[in-house]
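Step one of this worksheet: look at the structure below.
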Amino acid sequence: MNPLTKLNLLLSFLYLLIGSSLGLMLGFEPARNFLYSLKGIPSYAHAHIQLVGFVTQMIVGVTYHIIPMLTRGKVYSFRLGYLHTALLNVGLALQIYGFLSGNPYFKALGSLILFLAILMYIFNILKSGVWR
């Protein structure tokens with residue numbers, strides 16, 4: 001297993017733990033009241049942590065593992081893979097802060113960075129020759 005796959009899998013498990021913890025907090029009224037007192041929408045933060053942080057990051061990690069097997073070649077650029085992984089995590093963190101605090105600028109900036117990270121991921125996978 002290559003280091004980029006390991007990194008994405010470890011980050012996905014971290015997000016699963018964080019998202020599940022936030023979900024647990026949303027299940028208890030005092031914690032839920034505290035989270036909603038932050039003027040944001042914590043259920044959106046919970047959903048994004050689970051879907052983008054856990055599921056997407058897991059898919060990205062698995063993709064980088066299976067691409068060489070499927071193509072019998074190499075990943076186009078591991079450097080680009082690390083870059084979009086970093087951007088995905090920065091964008092998600094900004095977006096989560098925006099959802100928790102209700103700050104629209106953080107939500108917008110985080111969403112933009114996430115979108116750029118996803119475009120970079122798609123480009124890297126397509127350049128790896130999956131569709132030849």
Side-chain angles (χ1 to χ4, degrees):
M1 185 182 310
N2 64 65
L4 183 58
T5 295
K6 288 180 186 174
L7 175 66
N8 278 284
L9 294 182
L10 288 174
L11 287 170
S12 74
F13 292 135
L14 177 66
Y15 284 116
L16 178 62
L17 185 62
I18 293 169
S20 297
S21 298
L22 185 57
L24 181 64
M25 291 174 70
L26 288 170
F28 290 98
E29 190 169 336
R32 183 177 53 243
N33 290 341
F34 168 74
L35 290 170
Y36 276 100
S37 73
L38 300 175
K39 302 185 179 180
I41 305 173
S43 57
Y44 287 1
H46 170 67
H48 277 76
I49 291 170
Q50 296 292 56
L51 291 176
V52 177
F54 174 60
V55 175
T56 302
Q57 196 106 30
M58 178 67 74
I59 290 170
V60 167
V62 170
T63 302
Y64 280 110
H65 183 69
I66 65 171
I67 285 297
M69 289 187 266
L70 291 174
T71 63
R72 296 185 184 182
K74 295 180 179 178
V75 171
Y76 172 68
S77 173
F78 277 103
R79 183 178 294 179
L80 186 59
Y82 282 109
L83 179 61
H84 78 66
T85 296
L87 287 177
L88 186 119
N89 286 280
V90 169
L92 181 59
L94 291 173
Q95 198 178 45
I96 296 306
Y97 177 76
F99 283 133
L100 289 174
S101 68
N103 186 320
Y105 299 111
F106 279 94
K107 285 189 277 189
L109 181 61
S111 298
L112 177 63
I113 293 172
L114 269 175
F115 184 72
L116 291 174
I118 289 169
L119 286 178
M120 293 167 71
Y121 165 71
I122 292 170
F123 175 80
N124 204 19
I125 295 304
L126 291 177
K127 287 293 281 183
S128 297
V130 172
W131 305 107
R132 280 191 256 166

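The chain is numbered in sequence order, starting from 1. Remember, it's a predicted structure, so these values are computed and weren't measured experimentally.
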Out of curiosity, [X] [atom1] to [Y] [atom2], how far, rounded to the nearest 0.5 Å?
X    : Y   : atom1 : atom2 : result
I49  : Q57 : CD1   : CD    : 12.5 Å
L83  : F78 : CG    : CZ    : 14.5 Å
F123 : L80 : CZ    : CG    : 7.0 Å

Over all heavy atoms of both residues, which pair between [X] and [Y] is shortest? Give the atoms and the distance, please.
X   : Y    : result
L11 : T85  : CD1-CG2, 4.1 Å
T71 : S128 : CG2-O, 3.8 Å
G98 : K107 : C-CG, 3.5 Å

Looking only at atom types and distance, does a side-chain atom of [X] sit under 3.5 Å from a main-chain N or O of [Y], one as donor and one as acceptor?
X    : Y    : result
N124 : M120 : no
Y76  : L126 : no
T5   : G61  : yes

Tell me whether [Y] is reachable from [X] by hopping between hydrophobic residues (I, L, V, M, F, W, Y) whose side-chain heavy atoms are closer than 4.5 Å.
X    : Y    : result
I59  : I118 : yes
V52  : L94  : no
L119 : I125 : no
Y44  : Y105 : no
L17  : L7   : no

Within-4.5 Å side-chain heavy-atom neighbours: F13 and M58: yes

Side chains of V62 and L9 in contact at under 4.5 Å (non-hydrogen atoms): yes

Residue pairs involving residues 48-74 (criterion ring-ring contact (aromatic ring centres under 6.0 Å, His included); sequence neighbours excluded): H48-F99, Y64-H84

Which residues satisfy the side-chain contact (heavy atoms from CB on, under 4.5 Å) test with [X], sequence neighbours excluded?
X    : answer
S111 : Q95
L38  : F34, L35
H46  : L22, L26, Q50

Shared-cluster residues of L24, by chain and number - hydrophobic side chains joined below 4.5 Å: F28

Name of the residue among T56, V55, L51, L92 meeting side-chain contact (heavy atoms from CB on, under 4.5 Å) with Y15: L92

Criterion side chain to side chain contact (heavy atoms under 4.5 Å, CB included) on L88 and Y121, from CA distance to verdict: CA-CA 10 Å; L88 186 119; Y121 165 71; over 6 Å; no

Within 6.0 Å of CZ in F115, more than 12 heavy atoms from elsewhere: no

Partners passing ring pair (Phe, Tyr, Trp, His ring centres under 6.0 Å) against Y97 (at least two apart in sequence or in another chain): F106

